[in-house]
Structure formats: C-alpha cells, structure tokens
Amino acid sequence: MDERDERTTDEQRAGEPPPGGAADAATASFVAHRNLLFTVAYEMLGSAADAEDALQETWLRWSAVDLDTVRDHRAYLVRIATRQALMRLRTLGRRKETYVGPWLPEPLLTVPDVAEDVELADSVSMAMLLVLETLGPTERAVFVLREVFDVPYDEIAEAVDKTPAAVRQIAHRARAHVSARRPRGDVTAAETKDALEAFKQALETGDLQRFLDVLSPDVVLLSDGGGVVRALTEPIVGADRVAALLANRPDGEGPSGPLWPALVNGHPALVIHRDGEVDTVLALRIDNGLVTGLYVVRNPEKLSHMKQETALRR
C-alpha cells in the first residue's frame, strides 16, 4: 500500500471527509498525528474501539476549528483527544461495573517498531494497562500525558481543566501509585523469549511440572470472556492452582488449540485461531524470568484489532 492509500484508509477510519478545499489543511494535520492520538486515547481507555470513537469525535471538533488561531496543531489535537477520552473513560467505568467476569484491556496486534521503543511498549503492555486501571480518570490522563508523552504541565492543565500546580501534584501521586504496582524491574528480550517458550511448551504438553517451573508462586490468571464466551469469572491466584487448572483445563475454560506467537501490545504473546478467526489471546507478565501474570482474552468483541497490525506513536 502506498502513502496515498494509507492516508485514505486512515481518513476513512477516522470518519472525516476526503481532503479538499478548506478542509485540506485540517485533514493533513489530523492524519499526520492520527497514530499519536490513537495511542493517547488507547492508553487512557484500554479499549481500541472506544479509542477509535474518541478519535472520530476529535476529528469532528478539529474540523470546525479556525486553524489560523492554532499555534501548535499537535498540542491542540492532543488536548481535544484527551478530553474526548476522559468523557469516554467515565462511561466505560460504568460499563465495567456490570461486566461479566474480569475486565481486561483490548489486545492489539502491534507493528514491530512498537517493541523497539521500550518505553512505549512498556506503557501499552497488558500489565501496565491493568495498573493504569487502578487510577482515577484525571490521574490516568495526567500520568499518560506526562510520563509517556512528556507533555508540559501547562498543556496537560488545559486538557484536564486543572491548574498547572494541581497537575504537578496529581502527577506526583499518580507516579508513586503506578511505581508501587508496575512490573518489578526490567526484563530482557532473552528472558521474555525463554519464559514464553517454556510456557508454550507447558501448554502444549499439559505437563504440570513444566507449569510450576515457569510460573511465579504468586502468579495471577485473569480470563476475559465478557459473558459472551466461556471463561473463568474469577481470578486464579498461585502457581499450584494456575498450573493445575491449565494442565487439566475443562474444554472452553482455558486456552485450547494450536499456539501461534504474535506481538501483542508491543510484547511477545500467544494466539489461538479457530475456523480462521482469532479465538484467544494469551498475554504474559514476566518478572525475574517467571510468569507473574497471565491474561487470557476470549471476548470476541475485543479481538477485532488482532486482525491487522496497529501502529502506535509517541
């Protein structure tokens, strides 16, 4: 696909009209920053579908702006996208209250260069997105904008309707909160590869000891079927319980089928296909060479972005 085709696809996905006349400059600027805006919205929401909706609303507002009054297009667009994501984040919170079973972020099949940006990959990992779920909406917006995208405090203040001083305090609290809960230390690519391969072999053989060798004693398994497909409705904690479940899993209550490696949210993961469609995504959190978190997404409504690669930007 050439650059013109990519641009047309992005424009159609965002819901805006093709370039022409007075809309041309607005369209060009929006398309140039689209991947960045999607990444901002996705990190705030953990939902690709809601992030796409936030981008469509961002475009509608951006297309009505007099660009002669805008000094910095990127900052202005990020501010609009942040406000739209904040509104959706509060609505999403209400939906989660009635969600069946654990709620997990929507997995993304990401392009290879996401993994090459270590900070970006860390920020969109399933493990980090779950940590961000423990923040309030404004705290999450401030943390994402400041820590991931390095947005100045005064620009964040405009986006979240707070004073710069208040934003600094919020950022400090959010940083401490996340630091206490984020993955423990850096994991090398070799450690990740080894742990993933060991876990894959354990799944393929059903060997209980192989599971125990790769699972951390305090491992947590979360399974998201959303009430649409069969999945565990409660977290499973502890290596013995998780290993026993996976080694002797009832049909439909655990991963079953050929396992294919994939780059999900910037990190190696495993994917199961059935009848030509993605059926299950297994993402892992790895600390000190052991699996400390296992995230199984089976809700078909959350698997649409596993069909083609998504580009993320900072």
Side-chain angles (χ1 to χ4, degrees), residues 1 3 5-17 19 26-63 65 72-89 91-92 104-117 119-126 128-129 132-133 137 140-151 155-156 159-160 263-267 281 283 297 301-314:
M1 180 180 290
E3 183 177 350
D5 290 337
E6 290 178 348
R7 171 171 166 167
T8 300
T9 300
D10 279 343
E11 290 164 359
Q12 291 171 344
R13 288 173 63 191
E16 73 268 28
T27 300
S29 188
F30 183 87
V31 171
H33 294 100
R34 188 188 188 284
N35 291 339
L36 163 71
L37 300 175
F38 176 84
T39 308
V40 170
Y42 176 72
E43 292 208 24
M44 287 181 58
L45 295 164
S47 164
D50 285 286
E52 292 283 4
D53 288 344
L55 256 64
Q56 184 164 345
E57 292 298 324
T58 298
W59 162 253
L60 292 174
R61 284 156 179 74
W62 173 247
S63 63
V65 171
D72 186 334
H73 288 197
R74 180 184 187 275
Y76 200 102
L77 280 163
V78 168
R79 182 160 73 246
I80 299 175
T82 299
R83 289 174 176 171
Q84 295 306 311
L86 271 173
M87 287 191 291
R88 289 193 169 272
L89 187 57
T91 301
L92 188 58
L104 290 175
E106 187 174 343
L108 302 177
L109 183 65
T110 44
V111 296
D113 63 354
V114 174
E116 296 170 5
D117 185 337
E119 291 185 2
L120 176 60
D122 175 66
S123 72
V124 297
S125 70
M126 297 289 278
M128 178 56 76
L129 290 175
L132 295 181
E133 285 293 311
R140 185 167 182 169
V142 170
F143 180 86
V144 166
L145 292 177
R146 183 60 187 172
E147 298 301 312
V148 181
F149 299 97
D150 199 29
V151 176
E155 292 182 15
I156 299 175
V160 300
L263 198 62
V264 175
N265 289 56
H267 293 269
V281 173
V297 182
E301 296 176 0
K302 292 188 175 184
L303 299 177
S304 62
H305 277 72
M306 290 297 298
K307 296 178 181 179
Q308 61 183 24
E309 292 180 336
T310 297
L312 302 175
R313 293 288 183 271
R314 286 199 295 164

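Contact check for T27 versus W59: side-chain heavy atoms found under the 4.5 Å cut-off. Counting heavy atoms from C-beta on, the side chains of V114 and L263 never come closer than 4.5 Å. The shortest distance between side-chain heavy atoms of V78 and F149 does not fall below 4.5 Å. A 4.5 Å side-chain heavy-atom check between L120 and T39 finds at least one atom pair inside the cut-off.
To the nearest 0.5 Å, atoms CG (L109) and CE (M306) are separated by 5.0 Å. To the nearest 0.5 Å, the span separating CG on L129 from CE on M44 amounts to 12.5 Å. To the nearest 0.5 Å, atom CZ of residue F38 and atom CG of residue L45 are 9.5 Å apart. In this structure, the separation between CZ on R61 and CD on Q84 is 4.0 Å, given to the nearest 0.5 Å. How far CG of L145 is from CD of E155: 9.5 Å, rounded to the nearest 0.5 Å. Y42 OH to L108 CG: the interatomic distance, rounded to the nearest 0.5 Å, is 4.0 Å.
Contact detail for V160 and A141: the closest heavy-atom pair is CG1-CB, 4.1 Å. When all heavy atoms of P137 and L89 are compared, the closest pair comes out as CA-CD2, 3.5 Å. The two residues G266 and A121 come nearest to each other via the heavy atoms O-CB, 3.9 Å. Nearest heavy atom pair, residue A81 against residue T58, reads CA-OG1, 3.3 Å. Considering every non-hydrogen atom in both A85 and A41, the closest pair reads CB-CA, 4.3 Å.
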Quiz prompt | Criterion side chain to side chain contact (heavy atoms under 4.5 Å, CB included) on E57 and M87, from CA distance to verdict | solution = CA-CA 11 Å; E57 292 298 324; M87 287 191 291; over 6 Å; no
Practice problem: Apply side chain to side chain contact (heavy atoms under 4.5 Å, CB included) to the pair E106 and S304, showing each step before the final yes or no. | Solution: CA-CA 9 Å; E106 187 174 343; S304 62; 3.8 Å; yes
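Shown here are the side chain to side chain contact (heavy atoms under 4.5 Å, CB included) partners of S125, two or more places apart in sequence or in another chain: A127, M128, H267. R79 meets the side-chain hydrogen bond (donor to acceptor under 3.5 Å, both in side chains) test with E158; sequence neighbours excluded. For E116, the side chain to side chain contact (heavy atoms under 4.5 Å, CB included) criterion is met by D113, not counting sequence neighbours.
Under the 3.5 Å distance criterion, the side-chain polar atoms of R146 are matched with a main-chain donor or acceptor of V151. At least one donor-acceptor pair under 3.5 Å links the side chain of R140 to the backbone N or O of E43. A donor-acceptor pair under 3.5 Å is absent between the side-chain atoms of N265 and the main chain of P107, judged by distance alone.
Within a 6.0 Å radius of CD in E133, more than 12 heavy atoms belonging to other residues, nucleotides or ligands are found.
A donor and an acceptor atom, one from each side chain of S29 and H73, are located under 3.5 Å apart.
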